[in-house]
Amino acid sequence: NGGTLTLEGELHHAGTGLWSPATATSIVGSGSFTNSGLIQTSSDKNIVLDMFDNLAGGRLEKNAGLGSFTLTGPTTNLGVIAVAGGTVQFADTLVNEGLIELGVDGIVEIAGATTTNAATGVITGVGTLSVPASAFTNLGELAPGTSPGLLTIDGNLTLGATSTLTIDLDGPVAGVGYDQLQVTGST
């Protein structure tokens with residue numbers, strides 16, 4: 001309770017896990033973590049491993065709360081990363097081939113070298129994707145809002161040839177009548 005789980009191999013999670021404040025605060029080691037189940041947390045947690053893969057069918061949920069969930073190894077997402085509140089931080093490379101959903105209080109923060117939303121990847125919602133120190137390349141779909149809403153990319157955005165932007169139109173006011181993508185850096 002409240003300690004650290006040390007992993008020196010491979011861990012595959014296929015069930016349902018609520019990572020509560022009373023359980024281990026960190027998973028550390030030289031191993032890899034593969035998720036094809038459901039991981040939910042609302043408090044501060046850390047995964048410090050060589051690699052984290054969220055497979056198709058896998059779901060990582062950061063529920064309401066101001067805490068952060070930090071992944072320090074290279075991460076590939078083929079499933080769903082849903083951030084309703086607080087921050088999910090990627091300290092290394094992130095490749096999204098699945099779905100990233102951002103709630104109004106949700107932040108995905110990239111501190112690593114590169115971030116790619118692959119051709120099959122979708123980033124949607126009304127939160128913030130923060131890429132201040134990394135290069136963010138979108139090859140997939142950016143879908144701001146929850147019909148409608150504002151999605152913010154805090155940093156630079158490079159659009160590839162396969163990029164798509166999906167906007168709902170239902171009135172004259174940004175974020176209320178139609179979706180808006182706001183980029184604070186260069187595009």
Side-chain angles (χ1 to χ4, degrees), residues 4-13 17 19 24-63 66-102 106-125 127-142 151-160 163 183-186:
T4 299
L5 172 66
T6 301
L7 177 66
E8 301 299 334
E10 295 182 15
L11 175 64
H12 179 76
H13 177 262
W19 203 353
T25 57
S26 297
I27 298 175
V28 301
S30 61
S32 63
F33 190 121
T34 304
N35 179 50
S36 62
L38 171 64
I39 299 173
Q40 293 178 315
T41 185
S42 60
S43 57
D44 291 344
K45 301 294 178 186
N46 297 297
I47 295 181
V48 182
L49 296 172
D50 290 344
M51 180 177 63
F52 180 82
D53 287 330
N54 195 41
L55 301 178
R59 185 171 178 92
L60 173 63
E61 291 182 0
K62 173 64 179 77
N63 296 325
L66 298 177
S68 64
F69 184 91
T70 303
L71 296 141
T72 60
T75 300
T76 301
N77 177 47
L78 299 166
V80 176
I81 297 174
V83 187
T87 302
V88 173
Q89 182 182 58
F90 298 90
D92 204 319
T93 302
L94 169 65
V95 176
N96 179 48
E97 298 179 27
L99 175 65
I100 296 177
E101 299 174 335
L102 296 167
I107 299 169
V108 167
E109 181 178 306
I110 312 299
T114 61
T115 304
T116 302
N117 189 38
T120 58
V122 177
I123 299 175
T124 187
T128 299
L129 178 65
S130 179
V131 290
S134 69
F136 174 51
T137 301
N138 182 61
L139 303 172
E141 179 181 0
L142 296 174
L151 176 64
T152 301
I153 296 177
D154 184 12
N156 299 331
L157 169 64
T158 301
L159 299 172
S163 295
V183 180
T184 64
S186 63

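Quick note: residue numbers are just sequence positions, from 1. Just so it is clear, the values below take in all heavy atoms, side chains as well, and ignore hydrogens, waters and symmetry mates.
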Is there a side-chain contact between [X] and [Y], using heavy atoms and a 4.5 Å cut-off?
| X | Y | result |
| --- | --- | --- |
| Thr93 | Thr116 | no |
| Ile107 | Val88 | no |
| Glu61 | Leu38 | yes |
| Gln89 | Phe69 | no |
| Leu129 | Ile100 | no |

Could you go through Val131 and Ile153, starting from their C-alpha distance and side-chain angles, then the distance that decides it, and tell me whether this counts as side-chain contact (heavy atoms from CB on, under 4.5 Å)? CA-CA 7 Å; Val131 290; Ile153 296 177; 4.1 Å; yes
With rounding to the nearest 0.5 Å, note down the distance linking OG1 in Thr115 to CG in Asn138.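 If I round to the nearest 0.5 Å, the distance is 11.5 Å.
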Measuring from Phe90:CZ to Glu109:CD, what's the distance to the nearest 0.5 Å? 11.0 Å
Looking only at heavy atoms, the pair that brings Leu151 and Gly127 closest together is CD1-O, 3.6 Å
Is Arg59 salt-bridged to Glu101, going by a charged N under 4.0 Å from an acidic O? yes
Decide yes or no on side-chain contact (heavy atoms from CB on, under 4.5 Å) for Thr75 and Val95, but give the supporting numbers first. CA-CA 6 Å; Thr75 300; Val95 176; over 6 Å; no
Residues in side chain to side chain contact (heavy atoms under 4.5 Å, CB included) with Thr137, at least two apart? Leu139, Thr158
Partner set under side chain to side chain contact (heavy atoms under 4.5 Å, CB included) for His12, not counting sequence neighbours: Ala14, Thr34, Ser36, Leu55
Give a yes or no on whether the backbone of Gly140 and the side-chain of Ser163 come within a donor-acceptor separation of less than 3.5 Å. no
Run the numbers on Leu71 and Asp92 for side-chain contact (heavy atoms from CB on, under 4.5 Å), then give the verdict. CA-CA 8 Å; Leu71 296 141; Asp92 204 319; over 6 Å; no
Sort out for me which residue in Ile39, Ile81, Leu78 forms a side-chain contact (heavy atoms from CB on, under 4.5 Å) with Asn54. Ile81
Check salt bridge (Lys or Arg N to Asp or Glu O under 4.0 Å) between Glu141 and all other residues, then give those that pass, not counting sequence neighbours. none
List the steps, then state whether side-chain contact (heavy atoms from CB on, under 4.5 Å) holds for Leu99 with Thr124. CA-CA 8 Å; Leu99 175 65; Thr124 187; 3.8 Å; yes
For Asn156 and Ser186, test the side chains for any donor-to-acceptor distance below 3.5 angstrom and give the result as yes or no.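 Yes, side-chain donor-acceptor contact under 3.5 Å.
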